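Here's the structure, in structure tokens; my notes come after.
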Amino acid sequence: ARKFFVGGNFKMNGSISSIKEIVNNLNKAVLDAEVEIVVAPPALYLLLVREHLRSGIEVAAQNVYDKPNGAFTGEISVSQLKDSNITWTILGHSERRTILNETDEVVASKSKYATENGLGVIWCCGESLEEREAGKTIAVVSKQLEALKAQVSDWSRIVIAYEPIWAIGTGKVATTQQAQDVHKAIRDWLRGVSDKVADETRILYGGSVNEKNCGELSKQPDIDGFLVGGASLKPAFVDIINCRK
Ligand code: 13P
């Protein structure tokens, strides 16, 4: 069985004091032991979070570079993350794809480098509203997956996050059926890699997940967890982690 996975993506939000508050809240909460939990604060606060957060919850970067070290101003390396006990990274978030112009190939290259060097990757995909309305959702997600498959061989370190762009930060959550349909299509696509990869890879839903809509979504057969943005900054994040209790 796939272990349920809940990630919190803080994006470019928070301060020392507000992030300490989130950490304290998680530290004192009673959390479902059957859930793998990973939080992704801004890079500046990774060490602070790792130092104060209880063990058993992992910490992720929101991005990482695909070179070992050197003259890459502004970037952070995989070995620097591992040196700091940061064991995961998000890659290919739609905000990085659209605002920072990361291509499918760049995201795949970073995913390859990170997985080959021992980091877990929360790899994001998803379509725009225009693409959905044109009936291109599965084609868009498949193209993103193909680019990943062209470079990555160790799928055991990959968690997929399906995040329809029109549902991110909009309060417009995908219906459980819309989400399940795409998750099922992703799982079917993964069967082309291998049955093992299809059966074992967690597929998370992201996009306006909150404490009210998480319960129904979590019951879908191909939804193995969530990547939570805005709500991960609030106490309600605990309710999302515990949504199956
Ligand atoms: P929201 O939960 O704020 O919609 O963000 C989703 C997201 O982008 C998580 O990576």
Side-chain angles (χ1 to χ4, degrees), residues 4-14 18-19 22 25-26 35-43 45-46 49 57-64 86 88-102 104 107 110-111 114 119-129 131-132 137 140-141 144-145 148 158-176 178-179 182-183 186 201-218 220 223-243:
F4 204 76
F5 186 112
V6 177
N9 175 9
F10 297 178
K11 309 192 179 183
M12 197 177 73
N13 293 299
S18 74
I19 286 175
I22 294 169
N25 196 47
L26 287 170
V35 178
E36 186 167 354
I37 307 163
V38 177
V39 291
Y45 303 119
L46 285 168
V49 169
I57 303 181
E58 295 297 306
V59 181
Q62 297 176 11
N63 182 33
V64 75
I86 310 304
W88 286 85
T89 186
I90 296 171
L91 284 172
H93 192 279
S94 63
E95 288 146 19
R96 295 208 61 87
R97 291 176 185 267
T98 59
I99 306 168
L100 285 306
N101 298 320
E102 291 193 12
D104 289 349
V107 174
K110 290 177 171 189
S111 303
L119 213 57
V121 171
I122 303 170
W123 177 87
C124 306
C125 61
E127 81 289 3
S128 66
L129 184 60
E131 289 162 340
R132 171 161 286 266
T137 298
V140 167
V141 171
Q144 291 169 330
L145 282 162
L148 183 66
I158 301 245
V159 170
I160 294 174
Y162 168 60
E163 300 204 315
I165 297 171
W166 48 272
I168 295 177
T170 57
K172 237 173 140 186
V173 67
T175 65
T176 48
Q178 282 174 326
V182 180
H183 282 234
I186 293 172
T201 303
R202 271 84 55 93
I203 307 174
L204 318 180
Y205 170 78
S208 296
V209 173
N210 62 32
E211 69 282 12
K212 296 190 189 79
N213 57 33
C214 58
E216 274 307 307
L217 287 162
S218 74
Q220 299 300 311
I223 298 183
D224 306 311
F226 302 113
L227 186 56
V228 184
S232 70
L233 301 164
K234 300 179 189 158
F237 187 47
V238 169
D239 301 323
I240 299 173
I241 292 167
N242 290 335
C243 68

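Both counts, for ligands and for their atoms, begin at 1 and track the order of listing. What you see is a predicted model; the values in this text were computed from it and never measured.
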Within a distance under 4.0 Å of any heavy atom of [X], pick out the atoms of ligand 1 and give their elements.
| X | result |
| --- | --- |
| A167 | 4 (O) |
| L227 | 9 (C), 10 (O) |
| N9 | 9 (C), 10 (O) |
| G207 | 4 (O), 6 (C) |
| H93 | 7 (C), 8 (O), 9 (C), 10 (O) |

[atom] [closest protein heavy-atom partner, distance rounded to 0.1 Å]:
| atom | value |
| --- | --- |
| atom 9 (C) of ligand 1 | E163 OE2, 2.9 Å |
| atom 3 (O) of ligand 1 | G230 N, 2.8 Å |
| atom 5 (O) of ligand 1 | K11 NZ, 3.2 Å |

Discussion item. Students often mix this up, so state it plainly: with edges at 30° and 60°, are the rings of H183 and Y205 parallel, tilted or perpendicular?
Written reply: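 Rings of H183 and Y205: tilted, 30 to 60°.
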
Worksheet entry | Polar proximity ligand 1 side, G169 side, N/O cut 3.5 Å exclusive |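 So ligand 1 has an N or O lying under 3.5 Å from an N or O of G169.
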
Item to complete: Specify side chain, backbone, both or neither for I168, according to which of its non-hydrogen atoms lie closer than 4.0 Å to ligand 1.
Response: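 Both of them.
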
Discussion item. Could you check whether any side-chain N or O of Q62 sits under 3.5 Å from a backbone N or O of A43, counting only pairs where one atom can act as donor and the other as acceptor?
Written reply: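 Side chain of Q62 to backbone of A43, a donor-acceptor pair under 3.5 Å: no, none is there.
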
Worksheet item: Within the side chain of S208, is there an N or O that forms a donor-acceptor pair under 3.5 Å with the backbone of A167?
Response: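 Yes: the side chain of S208 pairs with the backbone of A167.
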
Worksheet item: Can you tell which of S232, G229, S94 gets a heavy atom nearest to atom 6 (C) of ligand 1?
Response: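 Minimum heavy-atom distance to atom 6 (C) of ligand 1 goes to G229.
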
Item to complete: Answer whether the closest heavy-atom distance between the side chains of I241 and L26 falls below 4.5 Å.
Response: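 Counting from C-beta outward, I241 and L26 do come under 4.5 Å.
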
Discussion item. Do V107 and L148 have side chains that approach each other closer than 4.5 Å (heavy atoms only, starting at C-beta)?
Written reply: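 Answer no - side chains too far apart.
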
Discussion item. Check E36 with R202, please: is the shortest side-chain N to carboxylate O separation under 4.0 Å?
Written reply: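 Yes, charged N to carboxylate O under 4.0 Å.
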
Item to complete: May I ask you to check whether N63 and K110 show a side-chain donor-acceptor distance below 3.5 Å?
Response: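 Yes, a side-chain donor-acceptor pair sits under 3.5 Å.
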
Fill in: Rounded distance (nearest 0.5 Å) linking atom CZ of F4 with atom CG of D224
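Going from the CZ atom of F4 to the CG atom of D224 covers 7.5 Å.
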
